[in-house]
Amino acid sequence: MKAVYKKPEVLKNPCFHFCPGCHHGTVHKLVAEAIDSLNLKDSALAVIGVGCGVFLYDYLDVDSLEAPHGRGLAVATGVKRVRPERIVFTYQGDGDLASIGMAESVHAANRGENVTVIFVNNTIYGMTGGQMAPTTLLGQVTTTSPYGREFHRDGYPIRMAEMLATLEGVALSARVSVCTPKYLFDAKKIIKKAFEMQLDNMGFTFVEVLSSCPTNWNMSSMDALNRVKEEMIPFFPLGVFKERKMPDVL
Amino acid sequence: MKAVYKKPEVLKNPCFHFCPGCHHGTVHKLVAEAIDSLNLKDSALAVIGVGCGVFLYDYLDVDSLEAPHGRGLAVATGVKRVRPERIVFTYQGDGDLASIGMAESVHAANRGENVTVIFVNNTIYGMTGGQMAPTTLLGQVTTTSPYGREFHRDGYPIRMAEMLATLEGVALSARVSVCTPKYLFDAKKIIKKAFEMQLDNMGFTFVEVLSSCPTNWNMSSMDALNRVKEEMIPFFPLGVFKERKMPDVL
Amino acid sequence: MSSKKSFYIDLVFSGFGGQGILIAGNLLCYSALLDGREVTFFPSYGVEMRGGAANCYVVISDRQIGSPIPSHPEIGMIMSLPALKRFENVIRSGGYLVINSDIISPEEVEREDVNKIFINANSISKDVVGNDRLANMVMLGYIAKRFSVVKKDSLISAIKEVVSEKHKKMIPLNEKAILAGYNLKLT
Amino acid sequence: MSSKKSFYIDLVFSGFGGQGILIAGNLLCYSALLDGREVTFFPSYGVEMRGGAANCYVVISDRQIGSPIPSHPEIGMIMSLPALKRFENVIRSGGYLVINSDIISPEEVEREDVNKIFINANSISKDVVGNDRLANMVMLGYIAKRFSVVKKDSLISAIKEVVSEKHKKMIPLNEKAILAGYNLKLT
Amino acid sequence: MNKLFSRGSDALAMAAIDSGLKFYAGYPITPQNDIPEFLSRELPKVGGTFVQAESEVASINMLLGASSCGFRVMTSSSSPGISLMQEGISYLAGSELPAVIVNVSRWGPGLGGIGASQGDYHQATKGGGHGDYFIPVFAPYSVQEMYDLTVKAFDVADKYRTPALILADVMISLMRETLIRRYPEGIKPPEKSWAFGERKGERQKIIKSLYLKGNELEVHNWKLHKKFEEMKKNEILFDKYLCDDADIIIVAFGMVARVARSTIELARENGLKLGLFRPISLVPYPEEELFSLTKTCKNFFVIEMNTGQMLYDVMRILGRNVNIRFYGKPSSYVPTPDDLFNKAKELFNI
Amino acid sequence: MNKLFSRGSDALAMAAIDSGLKFYAGYPITPQNDIPEFLSRELPKVGGTFVQAESEVASINMLLGASSCGFRVMTSSSSPGISLMQEGISYLAGSELPAVIVNVSRWGPGLGGIGASQGDYHQATKGGGHGDYFIPVFAPYSVQEMYDLTVKAFDVADKYRTPALILADVMISLMRETLIRRYPEGIKPPEKSWAFGERKGERQKIIKSLYLKGNELEVHNWKLHKKFEEMKKNEILFDKYLCDDADIIIVAFGMVARVARSTIELARENGLKLGLFRPISLVPYPEEELFSLTKTCKNFFVIEMNTGQMLYDVMRILGRNVNIRFYGKPSSYVPTPDDLFNKAKELFNI
Amino acid sequence: MKKTEKKLTIHKERCKGCQICVLYCPKKALSIGEKLNKLGYRYVVLSKEDACTACGICAEMCPDVVIEVWRDNE
Amino acid sequence: MKKTEKKLTIHKERCKGCQICVLYCPKKALSIGEKLNKLGYRYVVLSKEDACTACGICAEMCPDVVIEVWRDNE
Ligand SMILES: Cc1ncc(C[n+]2csc(CCOP(=O)(O)OP(=O)(O)O)c2C)c(N)n1
Ligand SMILES: Cc1ncc(C[n+]2csc(CCOP(=O)(O)OP(=O)(O)O)c2C)c(N)n1
Ligand code: SF4
Ligand code: SF4
Ligand code: SF4
Ligand code: SF4
Ligand code: SF4
Ligand code: SF4
Ligand SMILES: [Mg+2]
Ligand SMILES: [Mg+2]
């Protein structure tokens, strides 16, 4: 019999510690599928940010390096500069990449480091228990915005994919979601493309994945899925904001 | 007799330590003029970044706070949040604001902190002796890009005014120059407008001033002036990239 | 601190989130405070919480309390299988595992040198309050009495400290469930 | 280290950037190395450099050298007014201020307890090499001889160490200027 | 109830509010999130400002800004976050700006773990930041002390114009026990004429740490050092328990000292005379007070949840003429009274 | 000339290149810019990579990445920048990644000044970062040692899989003196089977510092501690000068020790028997070697360009039975041999 | 046209009962059962086996890789 | 039309001789002199006093606030 869907090979252990309905699991799967399909198991090297995804190495059978919170893209720069033959990707949450790691993220993007970023935007600090993130929506109640996020005090939700797309060094900047089958298949394609572009030395490839965090949103998985569709996507539109067609030579 | 031009009042001491032809002096003057014209001597509070402008308090008679290198906008946030009645401005170089301080700069802008930024872009680290800055032009030789800035290794020059203009929190984002009388008069207007907007609680106001650093460019003042005109402006276009007309209420 | 002559008792409460583990622990604390005792409460936290586990330690004494996390508590109130697996080996030898037998079948327990007490707490809760949500209170009531941890009056008066304003009307039901446990005779 | 019997001499060179201050200091170092001595060279640096000042310290000894920044050097080679103002009070009592009198007029010097030597170095440079740019070399030559700092041969051989490849053709001119200083008789 | 049954972190946050906290900035990190969560809820109610900063670096620098305006300011974090603040703390010290910094320390190095730890003693007491300065450090060992020492920290910070550190651990922060919310009479933030207020034609004020001219930096450094000497005179806090007749004195701080108290009771029931010396202010360290114990006791037992850090200070203070033994547990498994009792017997051959 | 006449920072950079440096990342800061400037020019010529990072935080984390791939890596900065690296250094230690970190230290706290200083001794030796770890620290006092100790630092870093620190100062970095560029025979970077290379079907490698399960973090911490104990056995470096018959022994490191050597000569010419003990490895500190001097000498004179930091270690090591005097100069004005001689006479009543 | 052979493997011990698969099964073939698994969750079951077309959508969408789908149509 | 009274104050001790004013003076009234000031720079002089219209551009452009310009036209 032929598999319609089977566990990706590189996913050595699918017993995720994630909460029920958490999209981190889905994203792990998609990354694993991309690695399988491009045969990158040996060459892939994960640089893992601190957040609920920090145990990625327990699940994916790829060489893995833990980066200090927020510094994934500085760490990845160090790796890729000395091991350009490895396919380097970071796996980072929105707190990690867009808050504390903003400088490292913008500068790695601007330098056009030839690495791939999997950016899990769930509008919250998952691992630490539901504090406000730079991506938290206006009005959203979190443990540190108990009266709802208010732009005068807390600022606006940051749209990273759009902001990074303005930088010359960026080869691909896209936002995807995994909340419906259609979006999920799109996400799969884009993630694969990001890795392909890295293989082609195109430069910095960035995929933002809108994700749910039922636990810290205080919602059932179903409600969380709906929230992605009905509240997140309208504010964080899906799409490819930049795609370089030719390698980065001037 | 009426003064056509006289030393601004708030400029208590114009014996700048700057090198001959350095535009830091010019920018100090313009800030002083704006403070004079809006009568802000008592209310202005300078948050001073580390760079050649670090001694601003020796020249301008305004309350002054020294910020650690790059952290001007975090420091200014702390000040403005507890003293909203003070007119807070930061004075920062390109190394300070756009390199080490990128995260603080982007986030303060995104929060729409009601402060004014005077951003002196001279495509170089002046104070430390001419190293490559995030704004250094491609091909530019500096002490740490001895073979010229190369985008694959060093990244692209960052256009801060444009990037920040994409953020919702920003009320004004503009780039000016002081290399010709016309540009200088424009700069004067914009700097004044930035302070006025702060007085009107419009939010984050950002003025990037293209400046020369004859010393570290290894040029005469005259050649440096020319370089601003002929090399910098084409890459860093002058203009207002965002201007909010109404206070920041949603 | 096994050799204390003065009053000292240490417990661990464990189960899934949503089973009222922390509420039970807290209620015991407030009761003991009413009894005039020293009390410490220590909740689990952090990464390990993913997956919905909840647990807490309670120490009650009439002297100043050292560590709020006893390495080998005397009594464990166990409300889920993972909870059993995690704490079975932690209970002090000669101590007590008080187990919700509506969730965990007796044969799951491996240890021999501790006392095992099984309470069909869900069923009892259903009986006395109409649903199984107050199994925690049933178990707590039993423990309070069985080990003379706190006075009955204190237990009842403390309920209002742990039930939030908007669930105020639940106080009588909690009281019922606790008393059901308190008065439980096991054979 | 005033009471040394062995060879020890410390100097400060100061003037504007562009006057060849650091080159003069370095040249002296290389010469002393050729003489087989221990040498340290310490340049000024940092924020204070804005405004175009340049200065450096040179210590030469036949033993291991302690601080490369003598607090009170014996000899100061002074090429600008700000340099005089800055170092006048630093020179050790009984030491020497060697001053370019084409730039600084003698009445600017206030100190009484040091020896003052004035050299119209710009003029001499103009005389011997046709322009005033090698005033530094004239002064260095004088100092080398007057205080027996280094051997003449060493001084001459060391020139090539400090003149960069592309200015190679300047070597003979430097030599001329140095010798002019070396042979200078002051009255 | 008159007494509260409170979590350590809440007690600390309440103390901050009672001390007149005006500005808090912080970045989430386990296990201290209860503090910002409490303050995000409660601080606005009393007119204070809560900012969730983009990072610990931003947090500490926001404090620098707000403190320069004369207000009481605080941040809290845990070990990796505190490391990131070291430059800022050094700037606060250099600029003579008061601030309270809370380290609910966890395991290191690196990401480590989130259990209770005393691995940051060196960093806390020997200037994790660059330059020549000391800041006062207080180590609570109960929920009540989380309150009381926070009040103290604000007070000392203002008095000496210095950042002050609370070095707590997970245990003390997450546990609940009884708390009396007692803001002492008489404590009042001093007038801060040096701070930025309304200017009204007064002389320009400059707050900075850069000193380039002449020997002004040396003068400045000695001034900072003198503050430290003053603190040594006035701000030492410690606790002694049954030391007078003790054959062995345990030296421990924070959580471990708490466990040790029970150990001592246990030991005395078993006929062994143990005592406890607990530094509460780690900086300034109660040096004289500790040393004076050598008059009556020659055996000292240093216990820490690390591989030996305060041990350095104890060795320095006690010298080589007494018998010092060490038990270190670099693990989030807090030792029990029995553990310590057994270790004491083992290490002192009893 | 066979010998070079070299600047200290250039000597250090040459040593890095001779040691096989593959990756350098750094951020400009006075007074160490000569190092990145040299390497931006020279490193590409030998196939290495120079990156000017956006900050010190990024620099140290780039090192973490490049080191995990098994290459020799280095960064350099000065005091405030080193403070910013503390989290990263702690991660390197926790992840057991070798790296060489250079602190050409300047004045603090805060922005301070850019003159020579020894104000970072505490930070360097007592873990400015969080958690329980020590990293080896070497303090050069000549241009030659800038070279030799850098070679050593790379070697020790690899041998123990640890970051190593060079604590230099402005003086040593900017001065020029003779240098013999001598990469010792026999030193060769070890094979790094733990590092990321070509994977070729091998087992997955994981490099991390997070240890949450059971007591694995405790085991890890003791492992790190054991490395430190090993270093104590094997990597101690020190220098003694005329100690055998000395009535007073100066204890000093770096620049100050250099000046002190001249002081000793001066003193001996004046009939006063001074000696010098100079720790070269500040971590591990030559404890035994220093203590053994108490057999013949009872007077120790600690001199530092700070208000007393190494003094803590010396007091701990020597105990209370000898006479310890301290002279501190928290100023970029480096004391002269005469200054020290006079101070010695004053403090020891001679 | 031959009958399609199909197989759905449900690794029930991994299922967390989130219902994402249930929501997106075009044939409404899945549902959450009554029993708890070791993790303590009520896990998914293929309640209408015949309705299932082995389209694989449930497997694609499941965050916990609980479902694998096989098909053989000759 | 009355004659315009005008005055140019040159604080020569501050001048660094950068020539920016010289470049932008529409009347080419300024030039760099031969003498050095205390800072060691050859400083600017108003070499064609009559040509100067007191337009103020030199003063506006000078980075070092060397020039002040006054005018009185009634
Ligand atoms: C320097 C530092 N600061 C803070 C933390 C605590 N911390 C761990 S994960 C995390 C954020 C998690 O949020 P996010 O990056 O959005 O990932 P998620 O868990 O939501 O996937 C934080 C703040 C840390 N480990 N290190
Ligand atoms: C944490 C830290 N890193 C580095 C420095 C050194 N530093 C001082 S000023 C400066 C940059 C100056 O460049 P820029 O901000 O562009 O200002 P400019 O002098 O060019 O006006 C640097 C890197 C510092 N003081 N602190
Ligand atoms: S806390 Fe949120 S992000 Fe983390 S595992 Fe649970 S659902 Fe996922
Ligand atoms: S170094 Fe450059 S920026 Fe600094 S004062 Fe000189 S010219 Fe201006
Ligand atoms: S394979 Fe398709 S039809 Fe079958 S259960 Fe899954 S989603 Fe439903
Ligand atoms: S999507 Fe997966 S985890 Fe969720 S209910 Fe279905 S099978 Fe279970
Ligand atoms: S612009 Fe100013 S500094 Fe420059 S030459 Fe003219 S007057 Fe002098
Ligand atoms: S005022 Fe106008 S005309 Fe007169 S010197 Fe200045 S620029 Fe020239
Ligand atoms: Mg998140
Ligand atoms: Mg600049």
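So that the names make sense, note that chain A is the first sequence line, chain B the second, and so on, each numbered from 1.
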Distance-minimising heavy-atom pair for H:P63 and B:C22:
CB-O, 3.4 Å

Please state whether the side chain, the backbone, both or neither of H:L23 comes within less than 4.5 Å of a heavy atom of chain B.
side chain

Heavy-atom proximity to chain B below 4.5 Å, by part of H:C55:
backbone

Considering all heavy atoms of both residues, which atom of H:C18 and which atom of B:P20 are nearest to each other, and what is their separation?
CB-C, 4.0 Å

Sequence neighbours excluded, the answer for side chain to side chain donor-acceptor pair (under 3.5 Å) partners of B:E208 is B:N121, B:R175

Sorted by chain and number, sequence neighbours left out, side chain to side chain donor-acceptor pair (under 3.5 Å) with B:S43 holds for none

Residues that B:R149 engages under salt bridge (Lys or Arg N to Asp or Glu O under 4.0 Å), provided they are two or more places apart
none

Compile the donor-acceptor pairs, distance criterion under 3.5 Å only, formed between chain B and chain H.
from: B:K2; atom 1: N; to: H:R71; atom 2: O; distance (Å): 2.8
from: B:K2; atom 1: O; to: H:R71; atom 2: N; distance (Å): 2.7
from: B:V4; atom 1: N; to: H:V69; atom 2: O; distance (Å): 2.7
from: B:Y5; atom 1: N; to: H:V69; atom 2: O; distance (Å): 3.1
from: B:Y5; atom 1: O; to: H:V69; atom 2: N; distance (Å): 2.8
from: B:K7; atom 1: N; to: H:E68; atom 2: OE2; distance (Å): 2.7
from: B:F16; atom 1: O; to: H:K16; atom 2: NZ; distance (Å): 3.0
from: B:F18; atom 1: O; to: H:K16; atom 2: NZ; distance (Å): 2.6
from: B:K29; atom 1: NZ; to: H:A59; atom 2: O; distance (Å): 2.7
from: B:K29; atom 1: NZ; to: H:E60; atom 2: O; distance (Å): 2.7
from: B:K29; atom 1: NZ; to: H:C62; atom 2: O; distance (Å): 2.8
from: B:C179; atom 1: O; to: H:Y24; atom 2: OH; distance (Å): 2.5
from: B:K188; atom 1: NZ; to: H:E60; atom 2: OE1; distance (Å): 2.5
from: B:K188; atom 1: NZ; to: H:E60; atom 2: OE2; distance (Å): 3.3
from: B:K229; atom 1: NZ; to: H:Y24; atom 2: OH; distance (Å): 3.2

Step through the shown structure and confirm whether more than 12 heavy atoms of other residues, nucleotides or ligands are within 6.0 Å of CG on B:D200.
yes

Contacting moiety of B:L30, where chain H heavy atoms sit under 4.5 Å
neither

